[in-house]
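Chain naming here is simple, since letters A, B, ... match the order of the sequence lines and numbering starts at 1 in each. This is a predicted model, so every value here is computed, not measured.
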Number of protein chains: 2
Amino acid sequence: MANIRDLAKEAGVSVSTVSRVLNGYPYVSEEKRKAVWEAVEKLNYTKNIQAVHLAKGRTMIVGVMLPYIHHPYFSAVIEGISKEALRYGYQLLLFQTNYDVERELEALERLRMKQMDGLIVCSHEVGWEIFDAYQEEAPIVLCEQVTEYDFFTVYIDHYQAFAKALHYLVKKGHRRIGYCIGRRTGPNSQAREAAYQDVLRDVGVTPQRQWIFDGCLFLEDGKRVIEQWMAMEERPSALLVTSDQVAAGIVLEARRIGVRIPEELTIIGFDNDPLAEMLGITTVALPHFTLGEKAFRLLHHWLETGNVPRKQEELPTRLVVRATG
Amino acid sequence: MANIRDLAKEAGVSVSTVSRVLNGYPYVSEEKRKAVWEAVEKLNYTKNIQAVHLAKGRTMIVGVMLPYIHHPYFSAVIEGISKEALRYGYQLLLFQTNYDVERELEALERLRMKQMDGLIVCSHEVGWEIFDAYQEEAPIVLCEQVTEYDFFTVYIDHYQAFAKALHYLVKKGHRRIGYCIGRRTGPNSQAREAAYQDVLRDVGVTPQRQWIFDGCLFLEDGKRVIEQWMAMEERPSALLVTSDQVAAGIVLEARRIGVRIPEELTIIGFDNDPLAEMLGITTVALPHFTLGEKAFRLLHHWLETGNVPRKQEELPTRLVVRATG
DNA sequence: TTGTACGCGTTATCAC
DNA sequence: GTGATAACGCGTACAA
């Protein structure tokens, strides 16, 4: 493969002149410029981007750490990141972790190795203190709320979102309120749990353990939920559901087996998925796409300006009332 | 940041010895090995991966070219790619194109620049001849069927899949058969169209123009389809639908407005999405995840062995009969 | 306006 | 076992 020196020889100029022409710098005579481009043609030259990265100490690559891709939540976030990355001329390097700590650490090590200029963390398993340490060496933006440490963060306030939906239910007279959750360990789930405990305590209701449905991630899980619900002695009259996908599963299975919604069971989902609109599911709209966009912009700002004013940005949510609640 | 020379100085050895230790080569005395690792600790050293890439002429990165990420089809494919990439120690660089030719060319240029070792193309807009040209310089694997050129390809035979579903419908007595499609220009859509024309001709039916519903990509589009269907004079008695998402849209809206399925309208979707199972939609199962896996493995084989025996791999489909057809 | 020479950080090839 | 030293390919002061 031809390199910049071959070009210089072919065009009869120096390597720096070649470099100037290739990168569009001024102060190069028209004839030399032309000679260089002709050499490029003749030798079928292409710049080796790895060498550029090494020489410049920058890659214009941003890493994205997420557990799964094939999931409405994460694929929406990454779509937002991708859109903004494209706009600012950055590329995206994917780190799918499956919540495996080893893989998360691998991604962070890659950041230290300067494989990318910065990292966006969509969700994770390892402790904040780890990120805090790596943050000293390279820019990291997190997509989850964190209070104890000082990070660059863009997040949806799941506590408020959950509380909002709960207050709505309480106002409508519900007292036996349950909820479905994905992974209980995640910060989002913790926030939801906290809101649940707080609001129910405030209205003087003692939540029952079996009103909480764990491991609800996909459409299919909704089916299981409604089956469990059917088998219960003291059934909740309303459920806040992880996501609209799961809520859709509940609603469809309920229809199938003749459970009337919302008369017998009120359902509120999260996300504002097109499926929720189609099925008339009341939901809390969450701005996932915007989350990705803002996360990238925050990182971009950090990369371009270089200053490290820790910053948090909170994204608003909105209750969309439809037929199920 | 400390580099390999700093390490050498600190440990009192040469850079070559440092390199040997860092990369686990034999023939290094235990004491020097120890000295190097101590220096690594002391100087908080991390290898600069860009320099490694430049020196080795390999990146262990594979590019993935796709139009969108936030789409069940593509996110399944990329999940499959990702899984295999992880297994073989490769990283994934994302090229979201939105079917914009400029961006597709940009991805191909990046391949020439050796930013990645190979490229997997999930879907595209530019002509085959372009890929054919770039293929001379670096490995490319395509996820669509192509007959005119000689490529590395893994694909689902959409012609056969469509024909299979059509024959099933014909056997059940349907003659007025229509179909929904996403982008008509894609090779998959072309294959489906060809199957449609062929099968209907064979059974002596002249397809009507309005039996073909274009631009059907998402759940919401299903609603539009059923509305159009309602307004028609001579309605098709059966529809083959782009994807289960769109099929679900049709089925749900049909239920809502009281169109009986399958009595008035038979529906067959594609993908075998969980939503199809939940709604009892008859569908042709398409192995998207496997497609991604196989695509990566093919590329991997090419990268590791270096030989270029052009190869095509076809993936099987399966008709899953449920309630809607 | 142009060219020389060095830096970027690592790996690979020799010679010892 | 070990150490110089030359690649790898490009960017960029600095000098001219």
### N/O donor-acceptor pair under 3.5 Å between A/S75 side chain and A/H71 backbone
yes
### Query
Which residue, A/P26 or A/V15, contacts DNA chain C at a nucleotide closer to its 5' end, judged by nearest heavy atom?
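Taking each residue's closest nucleotide, the earlier one in sequence belongs to A/P26.
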Under 4.0 Å, heavy atoms only, any strand: does [X] hit a base, just the sugar-phosphate, or nothing?
X	result
A/S16	base
A/S19	base
A/V13	sugar-phosphate

### Summary
Between A/Y155 and the options A/Q312, A/K294, A/E314, A/E144, the side-chain hydrogen bond (donor to acceptor under 3.5 Å, both in side chains) test singles out A/E314
### Message
Taking only side-chain N and O atoms of B/N3, does any of them lie within less than 4.0 angstrom of OP1 or OP2 on C/dG9?
### Response
yes
### Query
Can you find a side chain N or O atom of B/K32 that sits less than 4.0 Å from OP1 or OP2 on D/dG3?
yes
### Query
What about A/R20, does its side chain sit under 3.5 Å from the base of D/dG11 through a donor-acceptor pair?
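Such a pair does not exist between side chain and base.
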### Task
Assess the pair B/H288 and B/F74: is the distance between their ring centroids shorter than 6.0 Å?
no
### Task
Indicate whether any N or O donor in one side chain lies under 3.5 Å from an N or O acceptor in the other, for A/Y134 and A/E109.
yes
### Query
Rounded to whole angstroms, how far apart are CD on B/Q50 and P on C/dG7?
19 Å
### Message
By nearest heavy atom, map A/Y25 and A/R5 onto DNA chain D; which one lands nearer the 5' end?
### Response
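Nearest-nucleotide comparison on DNA chain D picks A/R5.
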